[in-house]
Amino acid sequence: MLFSLRELVQWLGFATFELFLHLGALLAFSVLVALHLDLQAMSWWLVFVPLFAADGLSTYFTAIVSIRLYQEGERRQAVLRLLWVLTVLSLKLVCEVLLCQKLAEQNQARDLWFGLIVSPLFILLQLLMIRACRVN
Amino acid sequence: MLVLKLDEKVHWNWFLIFLPVWIFDAILLLMLVVKMAGRCKPGYDPRNGSQDLRKKAWYLVAMLLKLAFCLTLCARLEQLTEIKLTIVCIPLWALLIGAMAELGYNIFPDRRD
């Protein structure tokens with residue numbers, strides 16, 4: 001719509017397959033959230049499993065791609081890709097874990113306010129804005 | 001705005017919290033409609049854009065699905081309606097399945113030709 005797929009891949013630094021993986025995880029997560037809120041069927045930690053699984057698989061995929069790039073002599077590209085993807089995934093994971101903790105233990109986690117939970121996402125958005133300037 | 005609302009620092013209406021989303025969606029919808037209407041101009045050659053029109057129609061459907069999801073979610077959060085969250089999420093799921101199908105088509109392109 002606003003971006004072509006090629007521009008999106010270049011901007012986010014993820015491969016198309018990884019985007020597919022994260023979209024699939026988001027779909028499964030939204031189904032589980034709806035089921036949880038309508039039926040109270042499972043714990044919040046179980047609801048977040050698709051997102052954690054997608055982060056893990058994405059890290060594994062990135063490690064393999066970076067190792068192959070390194071072996072083929074593209075050392076700078078391999079290190080930069082690994083650093084960027086690990087930064088994005090770790091910020092996303094911190095936000096997910098904090099949100100899950102807040103939702104699962106609402107009475108015990110009163111000090112954990114939403115501004116704190118979303119702060120990794122704010123950092124991520126800043127990084128993406130800087131990267132958008134660099135890419136185009 | 002969302003964080004302020006969730007932390008109960010402000011007590012605004014949910015439709016107001018979603019204001020940036022409405023503005024962004026309105027701009028995108030306007031852009032899409034203008035681009036699609038550009039095909040009706042005299043002198044436009046329709047042979048060079050049948051694939052393009054299909055893509056734009058999908059984008060329009062995707063935007064409408066997103067809008068439907070946000071509107072029903074706001075209505076539910078404001079307790080204007082008592083529908084289940086499973087029903088609220090149906091447009092979002094349709095949108096995600098469509099996006100995954102498009103991405104999948106790009107990952108595994110059709111090799112018939």
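So you know, we letter chains A, B, ... as the sequences are listed, proteins then strands, and number each from 1.
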Give the cluster check for A:Leu121 versus B:Met1: same hydrophobic cluster or not, with ILVMFWY residues linked at side-chain heavy-atom distances below 4.5 Å. yes
Tell me the residues of residues 25-39 of chain A whose non-hydrogen atoms fall below 4.5 Å from those of chain B, in number order. A:Leu26, A:Leu27, A:Ser30, A:Val31, A:Val33, A:Ala34, A:Leu37, A:Asp38
Are A:Leu116 and A:Val97 linked, directly or through intermediate hydrophobic residues, by side-chain heavy-atom contacts shorter than 4.5 Å (ILVMFWY only)? yes
Answer yes or no: does atom CZ of A:Phe52 have more than 12 heavy-atom neighbours from other residues, nucleotides or ligands under 6.0 Å? yes
Counting only heavy atoms closer than 4.5 Å, note whether B:Leu92 contacts chain A via side chain, backbone, both or neither. side chain
Is there a side-chain contact between B:Leu103 and A:Leu5 in this structure, where contact means two heavy atoms from C-beta onward sitting under 4.5 Å apart? yes
Does B:Leu2 reach the side chain of A:Phe114, with side-chain heavy atoms less than 4.5 Å apart? no
State whether the number of non-hydrogen atoms from other residues, nucleotides or ligands found under 6.0 Å of A:Gln40 atom CD is greater than 12. yes
Please report the interatomic distance CH2(A:Trp113) to CG(B:Leu4), rounded to the nearest 0.5 Å. 10.0 Å
Okay, side chain of B:Asp7, backbone of A:Gly115: is any donor-acceptor separation there less than 3.5 Å? yes
If you group Ile, Leu, Val, Met, Phe, Trp and Tyr by side-chain heavy-atom gaps below 4.5 Å, do A:Leu125 and A:Val85 land in one group? no
Under 6.0 Å from the CZ atom of B:Phe18, do we count more than 12 heavy atoms belonging to anything else shown? yes
Test of understanding: clusters of I, L, V, M, F, W, Y form through side-chain heavy atoms closer than 4.5 Å, transitively. Do B:Trp93 and A:Leu23 belong to the same one? yes
Can you tell me how far CD of A:Glu18 sits from CD1 of B:Ile107, rounded to the nearest 0.5 angstrom? 10.0 Å
Are A:Ile64 and A:Leu80 co-members of a hydrophobic cluster defined by side-chain heavy atoms under 4.5 Å apart? no
